[in-house]
Amino acid sequence: MQYNFNEIEAKWQKYWADNQTFKAENDSDKEKFYVLDMFPYPSGAGLHVGHPLGYIASDIYARYKRHKGFNVLHPQGYDSFGLPAEQYAIQTGQHPAVTTAANIKTYRRQLDQLGFSFDWSREVRTSSPEYYKWTQWVFIQIFNSWYNKDSDKAEEIETLIAKFSKDGNANINAVCDDDIEDFTADEWRAFTDVKKQEILLKYRLTYLADTEVNWCPALGTVLANDEIVNGVSERGGHPVVRKKMTQWSMRISAYAQRLLDGLAKIDWPQPLKDSQTNWIGRSEGASVTFFTVENSFPIEVFTTRPDTIFGVSFMTLAPEHELVSKITTSDQKAEVEAYIEATAKRSERDRMADVKTISGAFTGAYAEHPFTKEPVAIWIGDYVLAGYGTGAVMSVPCGDQRDYDFAKHFNIPIPNIFEGVDISEEAFSDKDKTVITNSDFLNGLPYKKAVKRAIFELEKIGQGAGKINYRLRDAVFSRQRYWGEPFPVYYVDGMPQMIANEHLPVELPEVEKYLPTETGEPPLGNAEVWAWDTVTTKVVNNSEINNTTVFPLELNTMPGWAGSSQYFNRYMDPHNSEEIFSQKAINYWQDVDLYIGGSEHATGHLLYSRFWQKFMFDKGLVPKDEFAKKLINQGMITGTSAFVHFVTAKFENEKQFFIAINKKDLNNVDAVIKKWRNTAPVNSKAFKYGALISTHVDVSLINASDELDIEGFKKWRPDFEDSIFIKDDGEVFKVVREVEKMSKSKYNVVNPDSICEEYGADSLRLYEMFLGPLEQSKPWNTAGITGTHSFLKKLWRQFHTGENASFMVSEEEPSKESWKTLHKTIKKVEEDIDNFSFNTSVSTFMICVNELTAQKCVSRKVLEPLAILVSPYAPHIAEELWNKLGHTRSIATATFPTFEERYLVESSKEYPISFNGKMKFTLALSLDLSKEEIETAVMANEKTQQQLQGREPKKIIVVPGKIVNIVG
RNA sequence: GCUCGAGUGGUGGAAUUGGUAGACACGCCGGACUUAAAAUCCUGUGCUCUUUGGGGCGUGCGGGUUCAAGUCCCGCCUCGAGUACCA
C-alpha cells in the first residue's frame, strides 16, 4: 500500500475539523499551557513557504504539550485592519472589508492544508465590530485614567478630580503635560466645565495634543517613527515631512521604568530586550537651571555629566526652543531668524544625511553660571533636538565631542577641567579615568563622587536636582486612515467626549472615497452618516449636527497596534459580549507561555502590548503585568532568486536583440561573444553589443541544477523572445543564484500549495524544521525536500511490511537493539523540543527509522510510541498510522512515551583511550567503576601496555563516563 | 560611530557546552533493478600525499591557556541585524 499523503492529509484535516479535536476548554483540571503565534495580516498575495515557519514550530510545541497532558490553548486570528487593503480600495474602489474577507479565506485554506492544531472556534479579527468594540473599550479605560507616580500605577480619573477639589494640584505627583499651571481647590471648583476638561486632558493617559508628526503626503497619513525607514515610508517608499497636527497620544512614557524593569522577568531573546532597552533609552543625570542675565529667564537643561559643570563655556538651545525668540538680542535677530528658517526647511532626511556639518547661531544673550556666576553665551544649534530632554544643553566642550566640534567651529573657548589630559585634539569623555580640576568643590573627585557632590550643591542653591531621562516618547495614536478602528469619541465645544460603554461598538461608517477630503481631513471626513446623537445614542447623518444634542464624531482612526495589543487576552474568551474577557477565563489562562513571531516587532507591537498589559494590570483586569513569559523570534526564510544576464546586441541596420550569457561565461563575455559571432550569420560586419544587464527569472522556470527552461522563459517574458542563449558545453543554460528576501517582485516566491500537492504537508512541515535552527534566517531551496519526503515513505514502509506492502505490525517483543533505538529517540526528541531545537530532532527521526529498518523491527511496542513521537511534526501520517494500529481516538490525546534509562544502559560503556592526546583505541568498561578502578583496569589492559612500551605514564586523566587520557 | 549576533565540506547544517569535527540531509561519483525513464535500493564523498599499510593538514586570521580548543582568553578581519547628533 502506497503512502498516499494527499488522501491521508485531507482525511485527517476533515476529521479534526468535524470532531473539534483541538478545541480548548476554559474549564479543566489539567494544567494550562498557552502557545501563541503572532497573528497574520491577511495580504492579497497569500502565504509563501516562509510564512508558516513559526506556525509549524508553535504547532509542534502545542501538540507536544498536549501529549504531555496539558490543556493547551493554541488560537489563531487575523490582524485585519491595515494599509494595503485601504490602498487597494483607493485604487479599485472595492471596500476593504470585501478584499479582507477574501484574503482571509485564502489564508484559512492555506493554513488548514498544513494541518495546524489551531482552535478555530476562538478566531478573532481586529476589523470585526465584535472585536474592536473592546479595543474601543480599552481606549476609554485609558482615557479615564491618570498616572499617579506616588502609587506608581494608573488610577481612575475620578481620584484625581477628588484631589483637585480637595487640595488643588499643588501636591499631585503625576505623569502629565509640562505646561500645567498651579491652581487651588477653590480655583478648581470655580473653573468652567470646559476649562476643567482641558486641564484633565493634560493628565489623562491618552490625550489630545498638537504633536509634530511624520506626515506622508503621498499616503495622506501620519506615520510612526518605526514606520519610516531611511526617511521614507516603510510601505511604498514615499517621502515624509514634519507637520503639526492635533493627535491622540498614549502616555506610554509613564511606564518607561516599568517597561524596563519588566524585561528582567521575561524570557525573551537578548537582542530583542536590548533593542527595547535602547528604545526606552534611560539615562541618569541631573537637571540644571541657568538664568539669563537679562530678565532672568530660567533655562532648564538635562545633563548626564553634572560633574563637568565647571567646564561649561556656552549653552546650546534647539532652534525650536520657545525661549529663543524672547532672549535673542536685536543685533543677533537677523542671523538667528535666518538660521531657524534654514533648519525648518531641512527635512528630517537631510538632517540625517549630513550629521557632520556644524551649524548654529549666537543669540547675543548670556546666562549666569550657577556656581561661578560667570556669563555663559547662549547659542542655538540643530545638533540639539527639541524632542529630547528639555531641548537645551549646557555645553562642555572639553568633555563632549559634539560640544567640542561646535566650540572649535565657532571659536568658543574650551576650558580644561581634567587633570593631566590633553584636549588640544579632541574632547575627553572617559568617565572612569576622570579626575577633575579647576572646579572649586569638585576638585580631585572621581566621576561618581563628583556627580553626587554636584547634584548636592545644585539642590542646595535650588538650581537643579538629580533626574532620570528617557528617550521613549509618547506614542501617537491617531491615523488619517479609513481602514482602522474608529474612536468612540465625539466633540462638544472642541473637547473630546467618550461614548458610553453600553453603546459600543461605534462602527466604521461607509464612505464614497477612501482618500482624505479636499480640505485635508481624514477619509472619515467623507462619511455622510458620522455624527453622534446623544439623545437616541445613535450615529446619525452629519446634517443633523446642532451642537446641542448632536455632535461631530472623531475623524481619525486608531493605528495598527491598537488591535494587536490585547488580542492574546481576548482569545481566552473571544465571544464574550458582556466583558472583554471573563475574570474566570483570564484567571485560568493567566498569560502566554510561549509566543513565537518575528523580531521586526521589537519596538512596535511588542513594546505597546507590554504597555497595554501593564495598564490592564493596574486596572486589576489581568493577573500578570507581562503578557508573555517566553518569546522566540523565528528567523526569516529567504528566497533564492535567479538571474539571467544579457547583453543588448545589434547587427548593422537591423533590429536590436538580446544575447543571454551562461553563468559560467560571465567573466569572459567578450571571448564568448566573439566565439559565437564566428558561427553567426554572415552579415556580422558591423556587430555591436552593450554592457551586461541582468533580470530576475521566475524560480519555477529553474530546475534543481540551476538550469533554465528557455522555452518557458521566452513565453514568460515575450520581450526576450528573439534572444539568443549561449549555452554551456552540456547544452544547458545555467542562471546565477542569489539569496534575497522572498518577494513577489523578485520572482523567488515558492508557494506552499504546490509543495503540499507534490510532497504533502507533513514533508513540508518536517523540511521547514529541518532547514536549520528556528531563530536563524535561512535560504529556501525546494530541492532538499526529497530528504524529509523519503523519510516519511520509509516510516510508512516500516508499518507496511505485510503482503503487497499492506499494514502489518507484530505483537512480538522487540529486540534489545530496537528498544535501545526507541528510547534513544524518545530522549533526544524530548530534549530537542524542550530546547526548541526542532531541526536536530528531524535528524533523530531519520536515524531512528534507518536503524529500525536495519533491525527489521516491526514490533508494535516500538512502532506505537514512535508514531506519537513523530506526530507533533508530521501529524497526518501519525494520525493515519495510529488509526491503523487500532485506536479510535485521535493521536493528539495519546500520552508522550517516557524515556527509560535501562534501555540505553548496558553493562559496560566504551571509553576512548588516548595517548598523548591522540585517540588510539576504545575499551569497554563497567559503568559502575570508580575513577581509580577505571585507571587500574586501563593500566592492566594489554593495549595500554603496548602503547606505553614499558614507560611509566606521566599522568592519567579519567573523566568518568567520557574519556581516559594517558600522557606517556 | 555605538549595541548585539555570526563565520565549520560543493550546499543547508550537527557536535551531549572543553573530550574521536563534519551527525543528518541535499548535491555529486559509481553500482543494482529497468528496453528506457521515473521511483527505489546499495557503495563512496573535508582537503591532500601515498609504496593502499597508512601519513600530513584541516572549524575566518594571528597569538595564548590546557593532556585535550569549533567550543575558553587576548588582538585582528569579514558578514548580518538593530540604532543613530539622546546631551
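Each chain gets a letter, A, B and so on, in the order the sequences are listed, and its residues count up from 1.
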Rounding to the closest angstrom, what is the interatomic distance between [N] and [M] at atom [atom1]?
| N | M | atom1 | result |
| --- | --- | --- | --- |
| rG70(B) | rG58(B) | C1' | 11 Å |
| rC33(B) | rA25(B) | C1' | 25 Å |
| rU11(B) | rG7(B) | C1' | 16 Å |
| rA68(B) | rU17(B) | C1' | 15 Å |
| rG9(B) | rA15(B) | C1' | 15 Å |
| rC72(B) | rG19(B) | C1' | 14 Å |
| rA23(B) | rG12(B) | P | 15 Å |
| rU71(B) | rU59(B) | P | 9 Å |

Looking at [options], which one has an atom nearest to any side-chain atom of [X]?
| X | options | value |
| --- | --- | --- |
| Thr303(A) | rC4(B), rC85(B), rA87(B) | rA87(B) |
| Phe302(A) | rA14(B), rC24(B), rA87(B) | rA87(B) |
| Phe770(A) | rA23(B), rA87(B), rG12(B) | rG12(B) |
| Thr840(A) | rA87(B), rC41(B), rA14(B) | rA14(B) |
| Asp274(A) | rA87(B), rC26(B), rC4(B) | rC4(B) |
| Lys778(A) | rG13(B), rC4(B), rC86(B) | rG13(B) |
| Arg471(A) | rA25(B), rA23(B), rA84(B) | rA84(B) |
| Pro773(A) | rG12(B), rU83(B), rA14(B) | rA14(B) |
| Ile847(A) | rG12(B), rA87(B), rA23(B) | rA23(B) |
| Arg797(A) | rU40(B), rA87(B), rU83(B) | rU40(B) |

Legend entry - Note, Arg402(A) side chain near Ile358(A) side chain (heavy atom, < 4.5 Å):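 A side-chain contact under 4.5 Å is absent here.
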Legend entry - Atom CD of Gln401(A): over 12 foreign heavy atoms under 6.0 Å: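 Buried by this count: over 12 neighbours within 6.0 Å.
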Legend entry - Glu757(A), CD atom: more than 12 neighbouring heavy atoms under 6.0 Å: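 12 or below, so no.
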Please classify [N] as syn or anti, treating any glycosidic angle within 90° of 0 as syn.
| N | value |
| --- | --- |
| rG9(B) | syn |
| rU17(B) | syn |
| rG53(B) | syn |

Inset, instruction - Would you sketch RNA chain B in dot-bracket for me? Only Watson-Crick or G-U wobble pairs with both distances under 3.5 Å count, crossing pairs as [ ], other-strand pairs as |, the rest as dots. - result: (((((((..(((......[....)))((.(((.......))).))((((....))))..(((((..]....))))))))))))....
Legend entry - Validation row, ring centre Trp780(A) to ring centre Tyr767(A) under 6.0 Å: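 Yes: the rings meet the under 6.0 Å criterion.
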Inset, instruction - Assert yes or no for the condition that the ring centre distance of Phe406(A) to Trp379(A) is strictly below 6.0 Å. - result: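 Centroid separation for Phe406(A) and Trp379(A): below 6.0 Å.
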Round to the nearest Å and state the distance from [X] atom [atom1] to [N] atom [atom2].
| X | N | atom1 | atom2 | value |
| --- | --- | --- | --- | --- |
| Asp832(A) | rU17(B) | CG | P | 13 Å |
| Ile632(A) | rG5(B) | CD1 | C1' | 17 Å |
| Glu758(A) | rA38(B) | CD | P | 15 Å |
| Gln401(A) | rC2(B) | CD | C1' | 15 Å |
| Asp403(A) | rA87(B) | CG | P | 11 Å |
| Phe838(A) | rA14(B) | CZ | P | 14 Å |
| Leu774(A) | rA14(B) | CG | P | 12 Å |
| Leu607(A) | rU83(B) | CG | P | 13 Å |

Output yes when at least one side-chain N/O atom of [X] is less than 4.0 Å from OP1 or OP2 of [N], else no.
| X | N | answer |
| --- | --- | --- |
| Gln776(A) | rG13(B) | yes |
| Asn839(A) | rG12(B) | no |
| Ser283(A) | rA87(B) | yes |
| Tyr388(A) | rA87(B) | yes |
| Arg402(A) | rC86(B) | yes |
| Asn850(A) | rA25(B) | yes |

Look at the side chain of [X] and the backbone N and O of [Y], then say whether any donor-acceptor pair between them is shorter than 3.5 Å.
| X | Y | result |
| --- | --- | --- |
| Asp400(A) | Val396(A) | no |
| Lys273(A) | Ile266(A) | yes |
| Asp474(A) | Ser253(A) | yes |
| His789(A) | Leu764(A) | no |

Inset, instruction - Find which nucleotide of RNA chain B each of Pro271(A) and Ser843(A) is nearest to by heavy atoms, and output the residue with the more 5' nucleotide. - result: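 Looking at RNA chain B, the more 5' nearest nucleotide goes with Pro271(A).
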Legend entry - 5'-most by nearest nucleotide on RNA chain B - Ala392(A) or Thr844(A):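 This one resolves to Thr844(A).
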Inset, instruction - May I ask you to decide whether Lys824(A) forms a salt bridge with Glu851(A), counting only side-chain N to carboxylate O separations under 4.0 Å? - result: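 A salt bridge links Lys824(A) with Glu851(A).
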Inset, instruction - Measure the CD1-CD distance between Ile632(A) and Glu775(A) for me, rounded to the nearest 0.5 Å. - result: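 Reported value, rounded in 0.5 Å steps: 5.5 Å.
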Inset, instruction - Walk me through it: do Glu830(A) and Lys828(A) pass the test salt bridge (charged side-chain N to carboxylate O under 4.0 Å, His left out)? - result: CA-CA 5 Å; Glu830(A) 191 165 344; Lys828(A) 186 71 167 52; over 6 Å; no
Inset, instruction - With sequence neighbours excluded, tell me which residues meet ring-ring contact (aromatic ring centres under 6.0 Å, His included) with Phe428(A). - result: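 For Phe428(A), the residues satisfying ring-ring contact (aromatic ring centres under 6.0 Å, His included) (neighbours in sequence not counted) are Phe418(A).
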Inset, instruction - For Asn469(A), report the nucleic acid contact type (base, sugar-phosphate, nothing); a contact means any heavy atom under 4.0 Å. - result: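 Contact class for Asn469(A): none.
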Inset, instruction - Using a 4.0 Å heavy-atom cut-off across all strands, classify Asn278(A) as base, sugar-phosphate, or nothing. - result: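 Here Asn278(A) touches no strand at all.
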Inset, instruction - List in numerical order all residues of residues 784-795 of chain A for which some heavy atom is under 4.0 Å away from an atom belonging to RNA chain B. - result: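 Of all residues in residues 784-795 of chain A, the ones placing a heavy atom under 4.0 Å from RNA chain B are Gly784(A), Thr786(A), Gly787(A), Lys793(A), Lys794(A).
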